[in-house]
Amino acid sequence: MSKERQYYNFKALGQAIKSARTAAGMTRDELGEKLNLAPRYIVSIENEGQHPSLQVLYELVTLFNISVDQFFFKKKPEYSTLRRQVDGLLDSVSERDLPIIEATARGIIESRSDPEE
């Protein structure tokens, strides 16, 4: 008695990889060189939902700070992909630039609150 296997539809995660790659200003050729992958294989992952190996998946999501929780689990992820990407950018900012970022974040938060409430 065999149970029918359900296969994961990789298209949404493939699109997230594509979006993160383009946001990083990286071409498929550059990504292929960096990870030793054929650009055509990257196309198939991004556009056709090709299932990569676990190692390739790991390399892609860690390179682009993509949270896989939002794709594999029904619950809301602790941190979204965008949040992880912003955190990654913050890691590359110098200490002297942090006050600018802090002031910007505070300004955004304060602009959302209505002083008449």
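Here the structure is a predicted model, which is why all the values come from computation and not from measurement. When a residue number appears, it is its place in the shown sequence, counting from 1.
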N36 atom CG, neighbour heavy-atom count above 12 within 6.0 Å:
no

Scan residues 95-106 for pairs that pass salt bridge (Lys or Arg N to Asp or Glu O under 4.0 Å), counting only residues two or more places apart or in two chains.
E102-R106

Residues at least two apart in sequence or cross-chain that pass side chain to side chain donor-acceptor pair (under 3.5 Å) with D87, listed by chain then number, are none

With S44 via side-chain contact (heavy atoms from CB on, under 4.5 Å) - residues at least two apart:
Y41, E48, Q50

Are L31 and L37 side-chain neighbours, meaning at least one heavy-atom pair lies under 4.5 Å?
no

For E30, all residues meeting side-chain contact (heavy atoms from CB on, under 4.5 Å), sequence neighbours excluded:
M26, T27

List in chain and number order the residues that pass side-chain contact (heavy atoms from CB on, under 4.5 Å) with Q85, two or more places apart in sequence or in another chain; answer none if no residue qualifies.
A20, N65, I66, T81, L82

Is L57 reachable from L35 through a run of I, L, V, M, F, W or Y residues, each pair having side-chain heavy atoms under 4.5 Å apart?
yes

Once you round to the nearest 0.5 Å, how far does CZ of R21 lie from CG of L63?
11.0 Å

Hphob cluster co-occupancy, V56 + Y58, side-chain heavy atoms under 4.5 angstrom
no

The reported gap from CD in Q15 to CG in N47 (rounded to nearest 0.5 angstrom) is 6.0 Å

Test side chain to side chain donor-acceptor pair (under 3.5 Å) applied to R40 - qualifying residues, sequence neighbours left out
none

Rounded distance [0.5 Å steps], CD1 in I42 versus CZ in R28
8.0 Å

Nearest heavy-atom pair of P52 and I45: which atoms, and what distance?
CB-CD1, 3.8 Å

According to side-chain contact (heavy atoms from CB on, under 4.5 Å), who are the partners of S92, at least two apart in sequence or on a separate chain?
none

With D29, which residues qualify under side chain to side chain donor-acceptor pair (under 3.5 Å), at least two apart?
none

Looking at OG1 of T104 and CD1 of I100, how far apart are the two atoms once the value is rounded to the nearest 0.5 Å?
7.5 Å

Distance in Å, K18 NZ paired with L13 CG, rounded so as to fall on 0.5 Å steps:
14.0 Å

d(L60 CG, T62 OG1) to nearest 0.5 Å is 8.0 Å

